[in-house]
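In what follows, every chain begins at residue 1, and chains take the letters A, B, ... in the order their sequences are listed.
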Amino acid sequence: MSATITTSSEANGNVSAATAKAAARAAASEGGPQSVTLARAINAAMVDAMETDRAVIVFGEDVGLLGGVFRITDGLTKTFGDQRCFDTPLAESGIVGMAVGMAMNGMRPVIEMQFDAFAYPAFEQIVSHVAKMHNRTKGAVKLPMVIRIPYAGGIGGVEHHCDSSEAYYAHTAGLKVYAPATVADGYRMLREAIDSDDPVIFLEPKKLYWSKDLVDLEVLRAQHADNVEAGTSSEGRAAVARPGTDATLIAYGPSVSTALAAAAAAAEEGRSLEVIDVRSIVPFDDETVVASVRKTGRAVVIAEAHGFASVASEIVARVQERCFHSLAAPIRRVTGFDVPYPAPKLEHFYLPGVDRILDAVDDLQWED
Amino acid sequence: MSATITTSSEANGNVSAATAKAAARAAASEGGPQSVTLARAINAAMVDAMETDRAVIVFGEDVGLLGGVFRITDGLTKTFGDQRCFDTPLAESGIVGMAVGMAMNGMRPVIEMQFDAFAYPAFEQIVSHVAKMHNRTKGAVKLPMVIRIPYAGGIGGVEHHCDSSEAYYAHTAGLKVYAPATVADGYRMLREAIDSDDPVIFLEPKKLYWSKDLVDLEVLRAQHADNVEAGTSSEGRAAVARPGTDATLIAYGPSVSTALAAAAAAAEEGRSLEVIDVRSIVPFDDETVVASVRKTGRAVVIAEAHGFASVASEIVARVQERCFHSLAAPIRRVTGFDVPYPAPKLEHFYLPGVDRILDAVDDLQWED
Amino acid sequence: MISANRVAPPKSEDKPAGTIAGSLRRFGISEEDYMLPARHQIQMVSPDGALVPLDEQGTQPGHEYPIPADQELATAYEQLVIGRRVNDQNSALVRQGRMAVYPSSHGQEACQVAAALCLSGGDWMFPTYRDSVAIMARGVDPVQVMTLFRGDWHGGYNPNERNVGIQSTPLTTQLLHAVGVAHAAKLRGEETVVLAMCGDGATSEGDFHEALNFAAVFKLPVIFFVQNNKYAISVPLAHQSVAPSLAHKAVGYGMAGERVDGNDLVALLAVLGRAVKLAREGSGPLLVEAHTYRMQAHTNADDATRYREDSEVVEWQAKDPLARMRTYLTDRGLLDDAVESRIAERAEVVAAQLREGLSEDLSVDPQDLFKYVFSSPTRQLEEQSALLADELSREEATK
Amino acid sequence: MISANRVAPPKSEDKPAGTIAGSLRRFGISEEDYMLPARHQIQMVSPDGALVPLDEQGTQPGHEYPIPADQELATAYEQLVIGRRVNDQNSALVRQGRMAVYPSSHGQEACQVAAALCLSGGDWMFPTYRDSVAIMARGVDPVQVMTLFRGDWHGGYNPNERNVGIQSTPLTTQLLHAVGVAHAAKLRGEETVVLAMCGDGATSEGDFHEALNFAAVFKLPVIFFVQNNKYAISVPLAHQSVAPSLAHKAVGYGMAGERVDGNDLVALLAVLGRAVKLAREGSGPLLVEAHTYRMQAHTNADDATRYREDSEVVEWQAKDPLARMRTYLTDRGLLDDAVESRIAERAEVVAAQLREGLSEDLSVDPQDLFKYVFSSPTRQLEEQSALLADELSREEATK
Ligand SMILES: Cc1ncc(C[n+]2csc(CCOP(=O)(O)OP(=O)(O)O)c2C)c(N)n1
Ligand SMILES: Cc1ncc(C[n+]2csc(CCOP(=O)(O)OP(=O)(O)O)c2C)c(N)n1
Ligand SMILES: [Mg+2]
Ligand SMILES: [Mg+2]
């Protein structure tokens with residue numbers, strides 16, 4: 001389902017294009033592209049990072065023996081021992097606070113919050129320390145830590161298991177916020193997050209965990225190694241997930257696949273929609289987004305989170321500021337409603353779906 | 001300094017206009033307008049609410065004997081006893097969580113978080129319970145509680161004492177978020193917050209606590225009583241704090257006075273700026289804001305909080321959606337930078353000030 | 001009473017003699033001995049259903065527990081059988097796809113039943129996601145309880161009808177709500193006791209600490225009832241706490257703690273019964289830790305074989321609360337085949353209720369999304385509601 | 001060792017014999033006796049400066065504390081005098097408007113000094129806003145420490161230089177950082193002990209609970225050092241906790257707790273010294289509660305007369321840590337006028353350093369706002385930085 005995304009984000013060269021060296025290595029690799037889940041790609045990123053650097057450790061609730069409730073840390077304890085991947089007592093503020101201390105003392109913790117809403121007990125640690133330690137010490141203390149959060153809905157979960165909490169983090173100065181939408185980005189961006197000397201909130205769209213894509217992990221590994229060598233990275237770069245000319249759909253995380261589906265449907269009706277995969281919410285890639293909207297003159301921002309004071313609001317605000325004179329119509333938002341995430345039987349009505357996106361596109365004052 | 005605001009918000013009739021009865025009573029009242037601080041107005045609102053309804057109780061850290069670190073609850077324990085205004089152990093999640101239980105069991109707690117950043121330990125209780133209890137029980141459980149938060153900067157406080165945290169709450173579906181900017185609104189809106197059957201995050205701009213205004217508390221009391229009788233309120237209504245014609249400044253809380261100062265300065269240069277005091281962030285008064293921007297064709301949104309994914313972003317997004325064809329220029333934001341709130345000696349550079357607002361107004365493409 | 005030297009006078013002298021002091025006088029023991037749990041867990045009926053000799057029941061001075069009355073035991077047994085039936089029925093309904101998820105309390109039914117039965121009608125209970133059986137034992141409609149797990153809405157029963165809080169998912173957050181309910185009642189002079197439930201894993205959360213401390217400082221009649229079923233999903237107790245017992249946490253708040261065999265319904269009724277009595281009399285909060293075992297996976301979505309040995313489960317099968325109680329009551333002559341079959345019938349009625357209630361798909365109203373966010377919808381929500389209505393009618397039209 | 005009956009085997013059997021077991025063997029006491037504080041606070045020198053008779057020192061089997069060596073006491077006394085001078089100097093600087101705010105540890109200097117001196121160079125300390133004196137006693141530049149309070153920046157010293165965490169304002173959050181630092185060191189096989197400080201009020205926060213539990217479960221060498229100065233701003237201890245003592249919280253995490261006279265530097269050095277030794281040997285974390293008193297207001301912004309009687313302050317004046325130590329050391333012949341005046345001179349040097357360092361207004365660079373948010377500024381921050389630069393140059397131009 002997300003093959004298009006990966007392919008196109010590879011294709012447009014915006015994101016860490018394979019160097020000649022990596023390409024060569026990839027060609028040499030026996031395997032070639034395989035069907036890989038997002039879960040597996042994220043797991044592979046942790047395995048590779050742990051192999052590369054002994055300072056990388058993984059902990060959280062149930063991440064050890066069980067491999068996490070989503071099995072994303074499967075096998076890490078077995079491979080690296082229970083000193084490098086382990087369960088903690090059940091306390092999220094404790095997990096984040098301990099990670100702060102570990103990062104202060106030479107480690108690169110990669111921690112898991114079991115579900116989006118269960119990161120809230122750690123909010124003080126995240127906002128008052130994780131986001132501020134580097135700044136308050138004028139860079140004397142680096143805080144290389146990654147907080148992985150399985151987030152967003154679409155899995156029929158009971159309440160508190162489906163929050164799209166990105167706005168809380170994106171609004172907090174001092175945090176980087178990554179939201180991968182593809183299998184390849186699951187690997188690529190997590191490697192970069194772990195490499196980063198800054199704390200990263202790493203948002204994993206849980207409804208995509210088991211979605212598959214044709215990717216060659218060997219190629220991704222090689223690309224990462226080359227990027228590290230060259231000092232380059234895909235951080236802060238958006239991707240054109242699907243090129244188009246009539247209007248721009250801007251999405252991230254779980255909404256990218258929905259946007260692509262909408263674009264595919266629109267194409268059948270003769271409308272060419274460009275889909276931008278934001279990838280990194282903080283830092284934000286104005287350049288790619290602005291270039292697209294200047295070209296198309298119309299935009300719809302799509303996100304699962306409540307719309308009010310959200311990342312979608314931010315995107316609208318930035319784009320109208322930068323593309324005002326190119327806009328043929330107001331920028332529309334298709335977001336979750338401003339209501340608590342609903343029970344499983346109602347989530348369908350809450351989530352931005354293809355129809356709602358197409359309705360919004362239809363409303364972009366085409367006859368004006 | 002905020003006399004203008006109050007006067008104009010009274011004047012424009014948008015906010016709970018005094019009924020004939022209240023006006024008569026006011027005329028009869030001996031006192032007439034007096035110089036009253038915001039701190040005193042908020043205190044008076046609690047006193048009056050506690051006198052009106054035995055279910056209203058006040059608790060938090062240091063709110064009892066000491067009267068709070070800002071003395072906002074001064075005298076409440078003395079007047080109403082230590083069963084109705086009391087100190088708790090030092091634990092914010094405990095305070096909010098206990099308030100949830102009390103509200104479930106017939107009380108109307110009004111609780112104080114000592115400073116903005118010290119509400120973060122309570123984030124899970126606020127987001128996962130305060131905001132959701134009414135909804136998850138289909139209204140069977142009402143949660144009439146007010147969380148008072150002294151917030152924002154400009155007081156030369158050390159870190160964690162100056163956060164503008166409104167976006168976190170405004171983004172959370174199920175919370176009402178009030179941000180008074182004037183002394184009269186301090187009284188009026190807190191009475192309404194306490195009366196509300198919904199939970200209200202009540203944001204008190206701490207730098208305005210000691211700012212004074214000429215108000216007649218008797219009149220406010222009478223107006224409140226009349227509104228209750230008539231079933232009306234000022235909830236969700238913005239105010240035109242200063243009428244103007246050339247551009248609209250949209251602000252709330254501590255930024256309203258800055259916006260008014262900017263408008264005054266602009267007037268000297270012959271530019272007529274309208275200032276909107278948003279008052280209630282949730283619910284939001286689109287009508288008043290849109291009417292103003294449709295009239296002026298230009299807008300600047302002003303807020304102390306970091307700009308990224310903020311309430312200011314939301315206002316821009318809503319306004320561009322609703323006023324697109326009236327806009328002569330992109331809507332500008334003048335907000336705090338996306339950096340941790342700075343140390344006292346640097347806060348001046350962080351805060352949206354008159355100059356920065358006027359620069360933004362100048363940038364509104366007047367020659368186009 | 002713990003004494004301190006002249007430099008730091010005992011804190012109890014600083015404070016007005018509370019009712020804990022009263023308890024101390026009554027039991028003739030020291031403050032520490034009152035607050036620390038007895039050295040053994042309290043157990044009255046052994047796993048094979050025999051009455052444990054008095055001197056082996058784990059009691060000690062100040063920690064004495066008389067055996068509950070026959071009638072109480074008979075009623076409790078009936079609820080135990082129903083509880084087991086409910087767990088089995090719900091697990092079956094999950095397998096049949098009639099429910100999305102069910103966190104079963106299979107093996108913990110004695111705790112569930114005792115939690116419900118120790119309270120009076122005006123008291124309150126604050127359960128977790130695992131405590132469905134306790135909620136039903138308190139009289140809440142079984143099908144309403146299942147609303148959360150079938151996915152129709154976040155909660156299906158009105159908390160005010162039987163004084164039962166919502167089933168809380170964010171761990172231990174509900175303990176603070178319990179404290180608040182008790183506090184409100186106390187301020188009004190009502191004699192409400194509140195039973196607040198959580199698991200062993202949940203005791204690690206900060207809210208656990210804050211709740212116990214608030215209850216102790218405000219001397220509120222709250223029983224904190226921890227079902228220590230040895231696991232928090234996959235994480236065993238040893239990775240959760242290295243305290244001598246979870247009940248040892250009580251003294252750190254200035255409250256009494258006790259451990260009880262959580263598969264022994266008789267002991268549970270005795271210990272919780274006394275706790276409720278003490279709390280109602282004004283002794284402040286108490287912490288009761290019940291040793292039990294989660295016989296099944298965390299929920300149907302979990303695979304318990306990944307983290308525990310079958311042998312451990314088998315070991316606990318031998319301690320089953322139901323078999324033990326049946327033997328004990330039969331031996332006492334309180335139970336015979338006739339009574340058994342009457343009880344089984346009642347259990348079948350509840351099971352049938354569940355099957356029937358969950359057999360049809362209730363239609364949901366999309367507009368419910370907006371109706372209950374606030375006591376009346378804001379203009380923004382009205383707009384969004386109209387948007388959805390419009391979208392759905394467009395969809396309807398193109399069908 | 002606490003025994004449990006056959007139904008719930010003792011937890012210690014479930015776990016490999018840790019080093020706590022070793023301590024128990026060594027001290028020949030039960031687990032409960034090891035973890036519960038001694039019945040009295042430990043006190044070695046009385047308020048009037050006399051050595052307390054051994055049998056009145058509050059020690060008991062397993063809780064024995066030898067008197068520290070003379071040289072250690074002499075060094076500590078010097079730091080005590082400097083600490084008092086620092087507090088007085090800073091309070092004066094606040095009155096003169098050279099600093100925005102200063103939370104003085106006047107009266108608590110014995111705790112401050114002992115906290116710093118019990119650690120080795122490679123160890124770590126995690127202080128609060130009130131622990132400036134402890135940080136200086138550990139060797140951090142005094143003027144750098146004051147950066148936070150003069151308002152130039154959030155922190156003025158590099159935590160890595162002397163292994164001292166930032167002065168934490170959000171209460172008890174730093175205890176978890178301490179746990180993390182200790183954990184990282186342990187994973188690398190380093191023998192780092194970490195001292196984590198907080199106040200009595202702070203023990204009520206959830207993070208206190210989580211930090212102690214994490215430290216205990218992971219058997220980390222962390223000393224949790226609570227300065228119980230009887231107030232959290234205006235809130236007295238009795239409204240914060242009704243536990244027999246704060247040290248009684250330790251047993252609930254499976255760690256040892258102890259109470260000590262926080263105005264008795266000798267006892268503090270003895271108790272903290274042993275705690276550090278035990279922790280370094282692998283006995284896991286310990287909790288030490290020091291009974292002391294905040295002699296001045298919470299900060300200069302606070303008015304303590306609103307919530308406490310002068311008589312209480314006067315009472316504590318008689319327990320001053322400095323006077324007591326001076327008498328004791330003089331009587332022991334470790335202190336004479338010559339030594340005193342040498343120490344006073346050293347204290348004056350530090351005071352002068354503070355006066356001088358805070359005399360001039362450092363100019364601040366507005367661009368610092370953007371420089372340190374991330375390891376390198378994002379494009380957004382570069383834009384905002386340019387915006388500010390532009391605004392300031394426009395301002396400059398119109399001047
Ligand atoms: C704050 C929070 N963190 C994490 C979770 C996810 N979670 C649900 S149940 C559970 C284990 C709870 O274990 P325990 O308290 O022992 O209760 P039990 O399930 O054994 O009854 C976890 C980690 C949660 N619900 N809330
Ligand atoms: C999380 C949090 N809540 C509230 C505050 C505000 N506050 C600062 S100091 C203080 C009292 C702390 O008392 P205690 O822990 O006893 O330390 P002391 O000041 O007595 O040294 C409070 C409430 C804070 N800093 N952090
Ligand atoms: Mg459990
Ligand atoms: Mg204190």
With rounding to the nearest 0.5 Å, note down the distance linking OG in D:S30 to CZ in C:R39.
5.5 Å
C:L36 side chain reached by D:E32 side chain, heavy atoms, under 4.5 Å:
yes
Side chain proximity check, D:V242 to C:N213, heavy atoms < 4.5 angstrom:
no
Of D:G284, D:A216, D:S204, the largest count of non-hydrogen pairs under 4.5 angstrom with chain C goes to D:S204
Cut-off 4.5 Å, heavy atoms of chain C, and the answer for D:E205 is both
Measure across D:P244 and C:V251 and return the closest heavy-atom pair with its distance rounded to 0.1 Å.
CD-O, 3.3 Å
Do the non-hydrogen side-chain atoms of D:H248 and C:M35 ever get within less than 4.5 Å of each other?
no
Would you say the side chains of C:E210 and D:H209 form a donor-acceptor pair under 3.5 Å?
no
Interchain contact, D:F208 with chain C, by part (heavy-atom threshold 4.5 Å):
side chain
On a heavy-atom basis, the closest approach of C:G252 and D:A243 is O-CB, 3.2 Å
